[in-house]
Amino acid sequence: MGGQDNASPVSRPLCSRYPGPKMNLMIRGLLLFLIGVFLALVLNLLQVQRNVTLFPPDVLSSLFSSAWWVPLCCGTAAAAIGLLYPCIDRQLGEPHRFKREWSSVMRCVAVFVGINHASAKVDFANNIQLSLTLAALSIGLWWTFDRSRSGLGLGIGISFFATLVSQLLVYNGVYE
């Protein structure tokens, strides 16, 4: 009819029915970003309820009043880490020994949220005790769900970077 292609989806080539690699990468990045934003909002809510994360009064009246930048930073970090991790695995030629299935991912996220919530709920004697407990739990999380060199290296690197950023925010009065 008038030169239009009326081919049904079944008769089109298989490659035209699924998004290409660039579109797949964009969809994965967007999904990781949204998951990072959602987790940031949930974890921040849990910490604010326990008065772990406090915003000083002058920050509340400024541009950062709703801390809109926290979920955006966490979403961006989730997308960057989630897209970077498979690239590092490919570069190192390190295959995964564990199945990559959604139930495993969800268990890992649940354990991560539990660790975060526990660190806000449990009163530790000092910061060293808190840090050692979080380090042990994080290593246990890595051992249970990943056990790859790239995962351990990426986790350690991101931990140091995130701690540095957090301390800079505290030092500059954005967080207490």
Side-chain angles (χ1 to χ4, degrees), residues 15-50 52-53 55 59 62-120 131 134-135 137-172 174-175:
C15 61
S16 67
R17 281 187 256 161
Y18 298 103
K22 287 183 182 178
M23 183 58 83
N24 186 18
L25 190 66
M26 289 174 46
I27 291 170
R28 283 179 37 213
L30 179 64
L31 182 63
L32 288 166
F33 176 81
L34 293 175
I35 289 170
V37 167
F38 175 74
L39 284 175
L41 292 172
V42 168
L43 295 175
N44 195 33
L45 176 67
L46 292 174
Q47 290 182 350
V48 166
Q49 285 178 343
R50 180 72 174 156
V52 172
T53 303
F55 293 97
V59 173
S62 71
L63 178 64
F64 301 114
S65 62
S66 64
W68 57 270
W69 50 272
V70 173
L72 292 179
C73 288
C74 290
T76 303
I81 293 165
L83 295 174
L84 183 64
Y85 185 64
C87 295
I88 292 173
D89 275 349
R90 230 181 333 242
Q91 290 295 324
L92 293 177
E94 192 171 280
H96 274 273
R97 288 180 265 179
F98 297 102
K99 294 180 182 175
R100 291 183 177 180
E101 54 191 29
W102 279 106
S103 62
S104 180
V105 171
M106 295 313 293
R107 281 193 312 254
C108 185
V109 169
V111 171
F112 174 76
V113 170
I115 290 171
N116 185 282
H117 190 59
S119 70
S131 298
L134 288 177
L137 290 171
S138 298
I139 290 170
L141 182 67
W142 165 78
W143 183 259
T144 304
F145 293 104
D146 189 27
R147 296 186 194 173
S148 69
R149 288 180 301 143
S150 59
L152 181 62
L154 194 60
I156 290 171
I158 290 166
S159 298
F160 281 118
F161 180 72
T163 302
L164 176 68
V165 169
S166 299
Q167 290 304 312
L168 287 174
L169 290 174
V170 169
Y171 180 75
N172 290 320
V174 177
Y175 272 136

Roughly how far, to the nearest 0.5 Å, is [atom2] of [Y] from [atom1] of [X]?
{"X": "L84", "Y": "L154", "atom1": "CG", "atom2": "CG", "answer": "5.5 Å"}
{"X": "R149", "Y": "I88", "atom1": "CZ", "atom2": "CD1", "answer": "12.0 Å"}
{"X": "L39", "Y": "L34", "atom1": "CG", "atom2": "CG", "answer": "11.0 Å"}

Taking all non-hydrogen atoms of both residues, which atom of [X] and which atom of [Y] are closest, and how far apart?
{"X": "L32", "Y": "A79", "value": "CB-CA, 3.7 Å"}
{"X": "F33", "Y": "T76", "value": "CD1-N, 3.4 Å"}
{"X": "S148", "Y": "Y85", "value": "OG-OH, 2.9 Å"}
{"X": "G36", "Y": "C74", "value": "O-CB, 3.9 Å"}

(Q) When you measure from the side chain of D146 to the backbone of W142, do you find a donor-acceptor pair of N or O atoms at a distance under 3.5 Å? (A) no

(Q) Between L137 and L141, is the side-chain contact (heavy atoms from CB on, under 4.5 Å) condition met? List the steps. (A) CA-CA 6 Å; L137 290 171; L141 182 67; over 6 Å; no

